[in-house]
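Just below is one structure, and these are the notes that go with it.
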There are 2 protein chains.
Amino acid sequence: MSFPPVYRSRTEESGEESRAKAVAVATELFALGGYKGTSVARVAAKTGLSQSGLLHHFPSKAALLAAVLEERDRQDGDFLTGSARPLLGWAAFDGLQALVARNSTRPHLVGLFVRLAAEAIEPAHPAHGWVQAHYAGTRRWLTDAVEHGKAHGEFVADAPVGTIVRTTIAVMDGLQQQWLLQPEEVSMVAEFEAFVATLRARWALL
Amino acid sequence: MSFPPVYRSRTEESGEESRAKAVAVATELFALGGYKGTSVARVAAKTGLSQSGLLHHFPSKAALLAAVLEERDRQDGDFLTGSARPLLGWAAFDGLQALVARNSTRPHLVGLFVRLAAEAIEPAHPAHGWVQAHYAGTRRWLTDAVEHGKAHGEFVADAPVGTIVRTTIAVMDGLQQQWLLQPEEVSMVAEFEAFVATLRARWALL
DNA sequence: GTCTATATCTAGATAGAC
DNA sequence: GTCTATCTAGATATAGAC
């Protein structure tokens with residue numbers, strides 16, 4: 001015979017679970033149908049709640065999206081920046097390759113990003129700020145890594161940092177699009193590895 | 001004093017104009033808000049028609065989208081494949097650079113493509129077939145060009161054709177996304193030119 | 001060819017019972 | 001914490017007048 005923990009009532013516990021499940025379901029449905037293309041009612045149904053039951057946890061659809069993005073950041077954010085020691089120079093590209101490998105086992109998170117990145121180009125979209133911050137953050141992180149590598153003699157002196165950074169991000173994004181559309185035709189891991197090899201062949205010094 | 005042409009009544013002529021204007025307006029609004037994010041009513045209003053007036057020309061919203069895609073293909077399709085003589089070998093990349101330069105003056109067409117490509121990953125989307133065909137066609141065209149160049153000694157013998165093709169397409173797509181989101185931060189033309197230069201540095205023989 | 005009017009659905013959000 | 005019921009708004013599409 002067991003009792004619920006003292007610090008938290010049984011109903012509250014159940015609420016936490018509902019909320020977490022709703023976020024997971026919303027992630028999946030937003031990934032497949034986009035934000036605008038997914039109704040709160042469908043998220044609620046797949047979560048096992050009524051529409052109002054879901055909206056008890058999130059005051060609005062936009063709040064649900066915010067929770068989804070927050071959770072994505074939590075799961076994903078620390079992968080590059082929060083590792084044991086910072087990835088600098090060419091090691092940053094090893095980190096990106098590991099990220100691509102991980103992404104290729106998580107189509108939902110990739111789909112979520114690709115769909116939202118395109119949808120949220122529009123300034124009025126509720127994820128616009130998040131997408132802008134994502135790109136700015138990634139660009140900054142990779143720029144710092146390459147600059148550091150350059151300062152330590154890992155890159156040739158006239159390597160164009162900005163171009164390397166923007167092109168690398170572009171390749172990752174473009175491969176995701178092709179992979180989602182035709183998974184059997186494109187291996188994100190192999191293509192990105194080949195791209196990094198080409199970068200090294202041209203700009204590596206050490 | 002002038003008369004309307006005999007073969008076509010004045011009202012029909014006006015109808016053609018309305019239809020064409022509607023397609024142009026829909027292109028712009030789909031580019032900014034996506035297909036799902038744009039209502040027929042808004043297209044109608046900006047065209048200067050009532051909603052039903054617009055639906056006289058297109059039996060459904062999906063039919064309007066089809067007309068938009070058809071017009072995009074007409075304006076854009078012949079740019080690479082319909083030029084004076086076929087672009088083969090490295091010349092194909094010159095053609096792509098010209099296309100990128102042209103695109104960077106047409107944000108609407110770029111936005112339309114990026115939005116729809118992401119939206120239409122979903123198999124049930126009315127533009128799904130079109131997007132699949134677009135990627136398949138581009139890949140085929142570029143593959144043929146590179147294979148031809150290889151057979152004529154323009155590429156090193158072990159150049160990985162598939163990877164070159166997929167990565168080139170990925171770079172174009174990824175740069176479009178970044179450019180739409182932050183136009184002042186990214187020059188599609190400069191970045192793509194640099195990418196092609198890197199390809200040449202590694203795989204050009206001649 | 002275009003309009004007004006309307007039918008039908010679906011969406012997001014709120015009120016209040018349990 | 002969750003539900004039923006309901007409000008309001010907006011969407012696609014059709015009917016029928018001019």
Side-chain angles (χ1 to χ4, degrees), chain A residues 4-26 29-30 32-68 115-116 119-120 122 124-127, chain B residues 4-26 29-30 32-68 115 119 122 124-127:
Chain A
V6 198
Y7 54 87
R8 180 176 270 174
S9 81
R10 176 173 277 155
T11 47
E12 276 168 3
E13 177 59 52
S14 170
E16 284 286 301
E17 282 168 17
S18 288
R19 201 195 125 98
K21 179 161 189 196
V23 170
V25 167
L29 295 186
F30 287 168
L32 297 173
Y35 174 72
K36 286 180 180 171
T38 303
S39 70
V40 175
R42 273 181 58 84
V43 176
K46 193 156 187 184
T47 305
L49 287 177
S50 72
Q51 194 221 18
S52 338
L54 176 60
L55 285 182
H56 168 74
H57 298 284
F58 311 94
S60 70
K61 189 188 183 186
L64 173 59
L65 174 61
V68 164
R115 295 296 307 258
L116 286 184
E119 237 181 83
E122 175 195 5
H125 193 284
Chain B
V6 197
Y7 54 86
R8 180 175 270 174
S9 80
R10 176 173 278 156
T11 47
E12 275 169 3
E13 177 60 50
S14 170
E16 284 286 302
E17 282 167 18
S18 288
R19 202 195 123 98
K21 178 159 189 197
V23 170
V25 168
L29 295 186
F30 287 167
L32 297 173
Y35 175 71
K36 287 180 180 171
T38 303
S39 70
V40 175
R42 272 182 57 85
V43 176
K46 193 157 186 183
T47 305
L49 287 177
S50 71
Q51 193 221 16
S52 339
L54 175 59
L55 286 182
H56 168 74
H57 298 283
F58 311 94
S60 69
K61 190 188 181 184
L64 173 59
L65 173 61
V68 164
R115 296 296 307 256
E119 238 181 82
E122 175 195 7
H125 193 283

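Order of the sequence lines fixes the chain letters, A, B, ..., with proteins taken first and strands second; residue numbering starts at 1 for each chain. Small disclaimer: the values here were computed from a predicted structure and weren't measured.
Checked against side chain to side chain contact (heavy atoms under 4.5 Å, CB included), A/Ala63 has the following partners two or more places apart in sequence or in another chain: A/Phe58, A/Pro59, A/Ser60. Residues passing the ring pair (Phe, Tyr, Trp, His ring centres under 6.0 Å) test with B/His125, sequence neighbours excluded: B/Tyr35. Applying the side chain to side chain contact (heavy atoms under 4.5 Å, CB included) test to A/Thr38 and every residue at least two apart in sequence or in another chain returns A/Leu29, A/Phe30, A/Val43. For A/Lys61, there are no salt bridge (Lys or Arg N to Asp or Glu O under 4.0 Å) partners two or more places apart in sequence or in a different chain. A search for salt bridge (Lys or Arg N to Asp or Glu O under 4.0 Å) contacts involving B/Lys46 returns B/Glu28, not counting sequence neighbours.
The phosphate of C/dC3 (OP1 or OP2) has no side-chain N or O of B/His56 nearer than 4.0 angstrom.
Residue B/Leu54 is classed as having no contact, given no heavy-atom separation below 4.0 Å to the nucleic acid.
Rounded to whole Å, the distance from CZ on A/Phe58 to P on D/dG1 is 11 Å. For the pair A/Lys21 NZ and D/dG1 P, the computed distance is 17 Å after rounding to whole Å. Here the C1' atom of nucleotide C/dG1 and the NE2 atom of B/His57 are 6 Å apart, to the nearest Å.
In this structure, B/Glu119 contributes its side chain and B/Gly34 its backbone to no donor-acceptor pair below 3.5 Å.
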Inset, instruction - Between protein and nucleotides 4-15 of chain C, map the contacts as a letter string: B base, S sugar-phosphate only, - none, heavy atoms under 4.0 Å, written 5' to 3'. - result: BB-----SBBBB
